S.K.: 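This is the structure I want to talk about, given as structure tokens.
Reminder, nothing fancy here: chain letters follow the sequence lines and each chain counts from 1. As the structure is a prediction and not an experimental result, all values here were calculated from the model.
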Amino acid sequence: MENILHVYNTISKRKEIFQPLRPPFVGMYVCGPTVYGDGHLGHARPAITFDLVFRYLQHLGYKVRYVRNITDVGHLENDADDGEDKIAKKARLEQLEPMEVAQYFTDRYHLNMDQLNVKRPSIEPLASGHIIEHIEMIKKILEKEFAYVINGSVYFDVKKYNDAYAYGKLSGRILEDLLSNTRVLEGQDEKHNSYDFALWKKAQPEHIMRWPSPWSDGFPGWHAECSAMSAKYLGNHFDIHGGGMDLLFPHHESEIAQSQIANNCEPCKYWMHNNMITINGQKMGKSLGNFITLNDFFTGKHPSLEKAYSPMCIRFFILQAHYRSTLDFSNEALLAAEKGLKRLMQGIETLQKITSSATSSSDISKLSANCYEAMNDDFNSPIVIANLFEGLRIINAVNDGKESISAIDLESLKNLYTTFVFEILGLTNETENNQFEIMDGLMQMVLSFRQQAKTNKDYATSDNIRNELTKLGIVVKDGKDGSAWSLE
RNA sequence: GGUAUCGUGGCCGAGCGGCUAGGCACCGGUCUGCAAAACCGGCUACAGCGGUUCGAAUCCGCUCGAUACCUCCA
């Protein structure tokens, strides 16, 4: 079967055949985190979504350069009255260097991503390390007179751009509507029009993070960083640009405009956007009391969590939904995911033990084809998982002696699970650890004692052993061919 | 109000015009000293109202509802 990958392109609103600009190379840029707080679900979903894309493209044999930035400059506090830098504000409050704060949260972000088994990108550029590139890009836009300077700040002239190109083509917006829908704001009198956006902002006196530029001591505008850094590492026109749906407007819209003027072309061929996450049907927000960080999930410390959920449980849960669907988190849903994942992992352990026969009673190649078909259809991981569960049924049936599998099919089935579960979906078996062998040896001994008691019909002893093990979190499972054990 | 995405069984979630999604929960059964696991079977939905069609969860329109964005910050 041929692998023809289809990707949903936000800009055309349809699935398109994925054809890289310069095969076998693929350039992918994804908007990364702003490092001024702990990672939460809003970080996990895009990271895992594009990790899946990254992994699958690599699996298909593409040489992927995956760039994901760290935003560590120019953030204004939401409720700040004087527009001061988010990082600078926190830094002053805590008596830390701004870069110390950025470094601290960058490290914590990396730790969380490692826990979720999200592969590190090929390049992870810092916005603060690319001020020169920002300035050069802004210069180009000024030269072409699609921007203007006021009081040391530089703004992009959206109206002029819209006359030549179509501003709003990605998000389906029309400039006139934007005007009529914009509230009258105080302090925005610098801009010619409310929809113009900053390329460079002059720093207020209290700003700590600032850089010299031809226009003022200041910092780059938000949209500038992604355009400057993606062009630097992937070229002016690359394959995939990804991010959350919340970034569609104005961020990505403005990136298109900037790149069009600065580089004479749109930044990328395919736009991919993951959908948002809700918690119990509500959006996540600090004011709603349901703001849950990734560490909260891993430790179970948040009041609205009934228990801790492991990183793999979170990853599996996210992969059980298609990336373009909204996804609702609840204890019940996470519990279901946890059990499903456990069953999947135990099935894979069973797979290593089953023996082959002369013939197969199931069509393994069909299973494999289904998995590829699902991935090729815009990375449909839930369908892949459904097929893996179907395979589980076969594995267990063979293990029970109710079905058979040939040596060749057994090999390809093992291959299938290794490839899809571990390599592509990026799941890991968390119950595995290096003490397993010692544990298992101990357990085999205990179980043999128990078996002896059972042979003697001394069920009080055998039940007692089982109960004591249960207290330790070890589950004993009696089968036809003896007993097995697992950690609860 | 505008733009976008969506509204599926007890819960989570696939589905892209006709054919079983899948997981979890629940209820039977097989197996088992008991239990668990595993297996077999059951539960069988598509927000509402119209329309297109031989046929719609799937296409179109309207209504209701949800989430994000539409402003400063990123």
Side-chain angles (χ1 to χ4, degrees), chain A residues 10 13-15 31 33-36 71-81 83-87 127 168 170-174 176-178 180-188 194-195 198 201 221-223 225-226 244-251 253 273 275-278 281-284 316-317 320-322 324-341 343-344 346-347 350 370 374 377 380-390 392-393 395-397 399-403 454 457 459 462-463 466-467 470 475-480 483-484 486:
Chain A
T10 314
K13 294 186 180 58
R14 66 178 67 164
K15 286 178 194 169
C31 295
T34 303
V35 282
Y36 68 92
T71 296
D72 59 350
V73 297
H75 296 242
L76 295 178
E77 195 79 11
N78 219 349
D79 46 3
D81 12 61
E84 78 186 299
D85 193 300
K86 256 180 192 166
I87 289 172
L170 179 65
S171 55
R173 268 156 235 255
I174 297 162
E176 288 77 56
D177 295 345
L178 288 176
S180 59
N181 284 320
T182 302
R183 281 172 270 166
V184 184
L185 277 181
E186 63 297 338
Q188 279 317 107
S194 56
Y195 42 65
K201 286 275 270 188
W222 170 33
H223 317 308
E225 65 174 280
C226 291
M245 239 171 223
D246 52 334
L247 299 176
L248 217 45
F249 187 89
H251 185 48
E253 200 70 73
H273 292 93
N275 214 319
M276 309 312 290
I277 273 170
T278 54
Q282 269 193 317
K283 68 171 174 177
M284 187 171 77
F316 184 68
F317 182 66
Q320 259 190 317
H322 185 80
R324 283 191 288 114
S325 298
T326 52
L327 179 61
D328 188 52
F329 272 69
S330 62
N331 278 292
E332 206 177 356
L334 284 169
L335 237 36
E338 188 176 57
K339 286 187 185 174
L341 177 62
R343 203 158 81 83
L344 178 63
Q346 288 189 345
T350 305
N370 286 347
D377 185 13
N380 201 326
S381 53
I383 299 277
V384 172
I385 291 170
N387 278 288
L388 292 172
F389 275 109
E390 173 59 22
L392 231 52
R393 195 194 55 74
I395 292 168
N396 287 322
N399 191 44
D400 280 3
K402 287 173 182 158
E403 289 197 28
K454 283 178 73 174
K457 301 219 186 280
Y459 296 121
S462 69
D463 285 0
R466 188 176 61 194
N467 290 340
T470 306
V475 184
V476 176
K477 295 176 262 191
D478 289 350
K480 268 182 284 193
S483 303
S486 68

S.K.: Under 4.0 Å, counting only non-hydrogen atoms across every strand here, what does A:Lys457 touch: a base, just sugar-phosphate, or nothing?
M.R.: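 Counting heavy atoms under 4.0 Å across all strands, no contact is made by A:Lys457.
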S.K.: Given the structure, check if the side chain of A:Arg393 and the base of B:C39 hold any donor-acceptor pair shorter than 3.5 Å.
M.R.: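 Answer no: no donor N or O sits under 3.5 Å from an acceptor.
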S.K.: Return the value, rounded to whole Å, for the distance between atom CZ of A:Phe329 and atom P of B:C11.
M.R.: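 One finds 19 Å between P of B:C11 and CZ of A:Phe329, rounded.
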S.K.: Please state the P separation for the pair B:A45 and B:A57 - nearest whole angstrom.
M.R.: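 Each nucleotide's P atom is 11 Å from the other's.
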S.K.: Using the C1' atom in both, what is the distance from B:G10 to B:C19, to the nearest Å?
M.R.: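 Their C1' atoms lie roughly 27 Å apart.
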S.K.: Between B:G2 and B:G55, how far apart are the two C1' atoms, rounded to whole Å?
M.R.: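 Taking atom C1' in both B:G2 and B:G55, they lie 37 Å apart.
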S.K.: How long is the line joining CG of A:Asp400 and P of B:C39, in whole Å?
M.R.: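 Computing the A:Asp400:CG to B:C39:P distance gives 7 Å.
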S.K.: If we take the P atom in both B:A47 and B:G15, what is their distance in whole Å?
M.R.: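 Between the two P atoms, the distance is 15 Å.
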S.K.: Decide if atom NZ of A:Lys457 counts as having more than 12 heavy atoms of other residues, nucleotides or ligands within a radius under 6.0 Å.
M.R.: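 Atom NZ in A:Lys457 is not packed in, count stays at 12 or less.
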S.K.: Without decimals, in angstroms, what is the distance between A:His322 NE2 and B:U5 C1'?
M.R.: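 Going from NE2 in A:His322 over to C1' in B:U5 covers 12 Å.
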S.K.: When the C1' atoms of B:A37 and B:U44 are compared, how many Å lie between them, rounded to an integer?
M.R.: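 Their C1' atoms lie roughly 27 Å apart.
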S.K.: Give the minimum heavy-atom separation between A:Thr71 and A:Ala127, together with the two atoms involved.
M.R.: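 So the minimum-distance heavy-atom pair works out to CA-CB, 4.4 Å.
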S.K.: Can you figure out which of B:A14, B:A4, B:C12 approaches the side chain of A:Lys13 most closely?
M.R.: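 That would be B:A4.
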S.K.: What integer number of Å spans the C1' atoms of B:G17 and B:C54?
M.R.: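 Approximately 12 Å lies between the C1' atom of B:G17 and that of B:C54.
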S.K.: Over 60° means perpendicular and under 30° means parallel, so classify the ring planes of A:Phe389 and A:Phe316, tilted if in between.
M.R.: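 Correct class here is perpendicular.
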S.K.: Just by protein heavy atoms under 4.0 Å, how would nucleotides 19-24 of chain B read 5' to 3' in B, S and -?
M.R.: --BSSS
S.K.: Think A:Asn399 has a side-chain N or O under 4.0 angstrom from the OP1 or OP2 of B:A38?
M.R.: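 No, no such contact exists.
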S.K.: What heavy-atom pair brings A:Arg343 and A:Asn396 nearest, and what distance separates the two atoms?
M.R.: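 What the structure gives for the nearest pair is NH1-ND2, 4.4 Å.
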S.K.: Tabulate below the donor-acceptor pairs under 3.5 Å that side-chain atoms of residues 332-339 of chain A make, not counting sequence neighbours, or state none.
M.R.:
| unit_1 | atom_1 | unit_2 | atom_2 | d |
| --- | --- | --- | --- | --- |
| A:Glu338 | OE1 | A:Lys307 | NZ | 3.1 |
| A:Glu338 | OE2 | A:Lys307 | NZ | 2.7 |

S.K.: Using the P atom in both, what is the distance from B:G41 to B:U53, to the nearest Å?
M.R.: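 41 Å, rounded to whole Å.
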S.K.: Roughly, in whole Å, what's the span from CG in A:Leu344 to P in B:A38?
M.R.: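 One finds 12 Å between P of B:A38 and CG of A:Leu344, rounded.
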S.K.: Using a 3.5 Å limit for the pairing distances, which stems of at least 3 consecutive Watson-Crick or G-U wobble pairs does RNA chain B take part in?
M.R.: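 Consecutive-pair runs (3 or more) involving RNA chain B: B:1-7 with B:64-70, B:10-12 with B:22-24, B:26-30 with B:38-42, B:47-51 with B:59-63.
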S.K.: Between the protein and nucleotides 6-9 of chain B, which nitrogen or oxygen pairs come in under 3.5 angstrom?
M.R.:
none

S.K.: Let me spell it out: for each of A:Phe317 and A:Val476, pick the nucleotide of RNA chain B with the closest heavy atom. Which residue's pick is nearer the 5' end?
M.R.: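 The residue closer to the strand's 5' end, by nearest nucleotide, is A:Phe317.
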S.K.: Is A:His273 touching bases, backbone alone, or none of the nucleic acid, heavy atoms closer than 4.0 Å?
M.R.: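 The residue A:His273 makes no contact with any strand.
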S.K.: Is there any protein nitrogen or oxygen under 3.5 Å from a nitrogen or oxygen in nucleotides 26-33 of chain B, and what are the pairs?
M.R.:
| unit_1 | atom_1 | unit_2 | atom_2 | d |
| --- | --- | --- | --- | --- |
| B:G33 | N1 | A:Asp463 | OD1 | 3.1 |
| B:G33 | N2 | A:Asp463 | OD2 | 3.2 |

S.K.: Can you tell which of B:C70, B:A36, B:C39 lies closest to the side chain of A:Lys477?
M.R.: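 Nucleotide nearest to A:Lys477's side chain: B:A36.
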S.K.: For A:Arg466, give me all partners under side chain to side chain contact (heavy atoms under 4.5 Å, CB included), at least two apart in sequence or on another chain.
M.R.: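 Testing A:Arg466 for side chain to side chain contact (heavy atoms under 4.5 Å, CB included), a comparison that skips the adjacent residues, returns A:Arg450, A:Asp463, A:Thr470, A:Val476, A:Asp478.
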S.K.: How long is the line joining CZ of A:Arg173 and P of B:C69, in whole Å?
M.R.: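 Result: 10 Å.
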S.K.: If the C1' atom of B:C43 is compared with that of B:G65, how far apart are they to the nearest Å?
M.R.: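 Those two atoms are separated by 28 Å.
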S.K.: Rounded to whole Å, how long is the line connecting atom CH2 of A:Trp222 with atom C1' of B:U71?
M.R.: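 Value for this atom pair: 12 Å.
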S.K.: Considering every strand and a 4.0 Å limit on heavy-atom distances, what is the contact class for A:Asn380: base, sugar-phosphate, or nothing?
M.R.: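 Here A:Asn380 touches the backbone only, sparing every base.
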